[in-house]
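One structure is given here, and the rest of the page talks about it.
Owing to the predicted nature of the structure, the values given are computational and were not obtained by experimental measurement. All chains are named by letter (A, B, ...) in the order of the sequence lines, taking the proteins before the strands, and each is independently numbered beginning at 1.
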Amino acid sequence: QKEVEQNSGPLSVPEGAIASLNCTYSDRGSQSFFWYRQYSGKSPELIMFIYSNGDKEDGRFTAQLNKASQYVSLLIRDSQPSDSATYLCAVNSGSYIPTFGRGTSLIVHP
Amino acid sequence: EPEVTQTPSHQVTQMGQEVILRCVPISNHLYFYWYRQILGQKVEFLVSFYNNEISEKSEIFDDQFSVERPDGSNFTLKIRSTKLEDSAMYFCASSQSPGHRGDTQYFGPGTRLTVL
């Protein structure tokens, strides 16, 4: 059974701070890792993907992957109230069907 | 920017009735998917579809479910005899080349299905 684990939160951070969201996965053969943002009642929206160890930056977002520790994280710099959403971690393991975590609820308060 | 569209946005039905959820994937994508998300739960894979046939399906996708690509643009999910526990958001997604690392699935806005 492939598992993707996320702390459900909520994670509350003040506006302008760095939000750090974490995800662990069980399948060592996992190859691609995705972060989606989901606003309440809306569909998942892709933020970033990563497949190599290390960091990948895109604007205010940085994805970090450590395959040895089976850990992937998402950092959001200069957090804004509009970043308040649930962040879903998704992992592909050989198959192209991603396994989703339950998501972490992020609240950015002014 | 091309996007996946879904209709209807909200479907209310009586238990035991058949429903058809419709999706128009992004035009140059070849792989199509259905997911569901029960309120407060994780996104769950139902089925993938390529070249007019099912590529992969989950244990959720039992005999009451079917998918079809009736023409060159629509992709449908049929639930033959709805149950209360089928109430969920149903998302359609499409992707271009899932064999490649970094290939991403783009999700439609979803259909909220309510079974009474």
Inset, instruction - Among the options G110(B), S95(B), S58(B), S48(B), pick out the one with the most heavy-atom pairs lying under 4.5 Å from chain A. - result: S48(B)
If two hydrophobic side chains count as joined below 4.5 Å and joins carry through other members, does [X] share a cluster with [Y]?
| X | Y | value |
| --- | --- | --- |
| W34(B) | Y106(B) | no |
| I47(A) | F33(A) | yes |
| F61(A) | F49(A) | no |
| L46(A) | I97(A) | yes |

Inset, instruction - Please name the pair of heavy atoms, one in G108(B) and one in S43(A), separated by the smallest distance, quoted to 0.1 Å. - result: O-CB, 2.8 Å
Inset, instruction - Check each atom of F107(B) against the heavy atoms of chain A and say whether the ones under 4.5 Å are side chain, backbone, both or neither. - result: both
Inset, instruction - Could you look at Q37(B) and say if it's the side chain, the backbone, both or neither that has a heavy atom under 4.5 Å from chain A? - result: side chain
Within the supplied structure, the quantity of interest is the number of heavy atoms (other residues, nucleotides, ligands) at a distance under 6.0 Å from [X] [atom1]; does it exceed 12?
| X | atom1 | answer |
| --- | --- | --- |
| L39(B) | CG | no |
| K57(B) | NZ | no |
| D63(B) | CG | no |

Taking side chain as everything from C-beta outward and backbone as N, CA, C, O, which of these in [X] sits under 4.5 Å from a heavy atom of chain B? Side chain, backbone, both or neither.
| X | result |
| --- | --- |
| Y36(A) | side chain |
| E45(A) | neither |
| L88(A) | side chain |

Legend entry - Side-chain heavy atoms of Y35(B) within contact of P98(A), under 4.5 Å: yes
Legend entry - Gap separating the NZ atom of K42(B) from the OG1 atom of T86(A), nearest 0.5 angstrom: 14.0 Å
Legend entry - Gap separating the CG atom of N92(A) from the OG1 atom of T104(B), nearest 0.5 angstrom: 10.5 Å
